[in-house]
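Have a look at the structure below, then the notes.
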Amino acid sequence: MSVVSVRIPARKLGSALATVGALAAVLPTCAAQAAPPDQGQAAAPASDQGRATAAANVSCQAGGRAFFSPGLLPVPVPRDTNVQYNGQDRSCSGSTPDGGQIATAKFNGAFDAPMSCVVGGGDVPTEGTGTIAWKTKDGKSTKSTLSLTISGQLFNSATVDGHVTDGAFAGARLHGKFRVDLVREGINCGSQSLAGGLKQAPFDGSFNIKG
């Protein structure tokens, strides 16, 4: 088999080599632009950017009606009583986890305690549950579910501690002070004993949520 020799003029050979050199310089850049991002350094989705929220720091007033079942009697010996705090919207300062400015909060709570018109609770803390209905300044609503521990005398200043078990601010801690002041409200507990005892009275107080 014979070998065919092809002569390439030196001028054309130099031009071809220059073209190959230029392509070799460009190809790595193109490959880097086309390659997918490293999986370990993938950019966060747009929906997740800026989603981290600051720790909860909310302060609110509270108030409404406290309901007692059975009714409270004017005796020094208390009896087991179910207490329901039925709250009304009260002012707040702070933000929801998604950044909404809170306008009002409605605190509701329920617990059992030994009570009478004379004794507004026991020496041993009692467990209870509660909810907070939040309203923001832009008209949105959200809710928190609470686990509560109530201590102290309800007719003076009961201390309420607990944490948020579900909903807005889940995991945060709650601390508050609530009271039912029969004297200030001019409520004569004894006059209602023939009708089964005192069944309701106003309550007020304040609470905060942190964490």
Side-chain angles (χ1 to χ4, degrees), residues 56 58-74 78-94 96 102-122 124-137 139-170 172-193 195-209:
V58 179
S59 297
C60 299
Q61 298 300 307
R65 306 290 297 182
F67 292 86
F68 311 107
S69 178
L72 306 183
L73 299 174
R79 57 180 175 175
D80 290 339
T81 305
N82 177 258
V83 182
Q84 299 276 343
Y85 283 142
N86 284 11
Q88 300 171 348
D89 287 337
R90 292 291 190 268
S91 61
C92 279
S93 63
T96 61
I102 299 173
T104 63
K106 181 189 296 184
F107 179 92
N108 295 321
F111 60 94
D112 295 320
M115 295 187 66
S116 73
C117 294
V118 180
V119 179
V124 179
T126 184
E127 304 298 314
T129 59
T131 62
I132 302 174
W134 309 95
K135 291 182 181 178
T136 62
K137 293 182 178 179
K140 295 181 180 178
S141 299
T142 188
K143 182 180 178 181
S144 300
T145 302
L146 312 171
S147 175
L148 304 173
T149 300
I150 300 91
S151 57
Q153 293 292 311
L154 178 65
F155 290 153
N156 294 305
S157 184
T159 300
V160 178
D161 290 294
H163 63 278
V164 182
T165 59
D166 193 22
F169 306 109
R173 304 294 302 179
L174 177 142
H175 174 76
K177 293 282 189 179
F178 298 86
R179 62 184 173 272
V180 176
D181 193 332
L182 301 183
V183 175
R184 187 188 65 183
E185 298 295 334
I187 298 174
N188 186 340
C189 189
S191 66
Q192 302 186 44
S193 59
L198 178 67
K199 293 183 171 60
Q200 61 174 293
F203 83 89
D204 60 18
S206 62
F207 66 90
N208 60 63
I209 288 183

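What's counted below: heavy atoms across the whole structure, side chains too, no hydrogens, waters or symmetry copies. All of these numbers come straight from a predicted model, not from anything done at the bench.
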* For K135 against S141, the heavy-atom pair lying closest together -> CG-OG, 4.0 Å
* Structure fact -> In short, G190 meets P74 closest at the heavy-atom pair CA-CG, 3.7 Å
* How long is the gap from CG on D161 to CG on L148, to the nearest 0.5 Å? -> 9.0 Å
* Side-chain donor or acceptor of T145 paired with backbone N/O of T165 under 3.5 Å -> no
* Output all residues satisfying side chain to side chain donor-acceptor pair (under 3.5 Å) with T159, sequence neighbours left out; order by chain, then residue number. => K177
* Asked: Just how far is it from atom CD1 of I132 to atom SG of C60, taken to the nearest 0.5 Å?
  -> 7.0 Å
Can I get a per-line list of side-chain donor-acceptor pairs under 3.5 Å for residues 106-117, giving both atom names and the distance, sequence neighbours left out?
residue: N108; atom: OD1; partner: G87; partner atom: N; Å: 2.7
residue: D112; atom: OD1; partner: N82; partner atom: ND2; Å: 2.9
residue: S116; atom: OG; partner: V75; partner atom: O; Å: 2.7
residue: S116; atom: OG; partner: V118; partner atom: N; Å: 3.0
residue: S116; atom: OG; partner: V119; partner atom: N; Å: 3.1

* Identify the heavy atoms of A66 and F203 that sit nearest to each other, and give their distance. => N-CD2, 3.8 Å
* Option from T96, I102, N208 for which side-chain contact (heavy atoms from CB on, under 4.5 Å) with V58 holds -> I102
* For residues 197-209, which residue pairs qualify under salt bridge (charged side-chain N to carboxylate O under 4.0 Å, His left out), counting only residues two or more places apart or in two chains? -> R179-D204, R184-D204
* Drop me the distance from H175's NE2 to I209's CD1, to the nearest 0.5 angstrom. => 12.5 Å
* Asked: F178 vs F207 aromatic rings, parallel, tilted or perpendicular, using cut-offs 30° and 60°?
  -> parallel
* Member of Q84, R65, Q192 meeting the side chain to side chain donor-acceptor pair (under 3.5 Å) criterion with Q200 -> R65
* With side chains defined as the heavy atoms from C-beta onward, is the minimum distance between L146 and V164 less than 4.5 Å? -> yes
* How many angstroms lie between atom OG of S193 and atom CG of L72, to the nearest 0.5 angstrom? -> 11.5 Å
* To do: Scan side-chain atoms only and decide if T149 and E127 contain a donor-acceptor pair under the 3.5 Å cut-off.
  => yes
* Asked: What's the shortest heavy-atom distance between I187 and P202, and which atoms?
  -> CD1-CD, 3.8 Å
* Test side-chain contact (heavy atoms from CB on, under 4.5 Å) applied to L174 and V160, step by step -> CA-CA 8 Å; L174 177 142; V160 178; 4.0 Å; yes
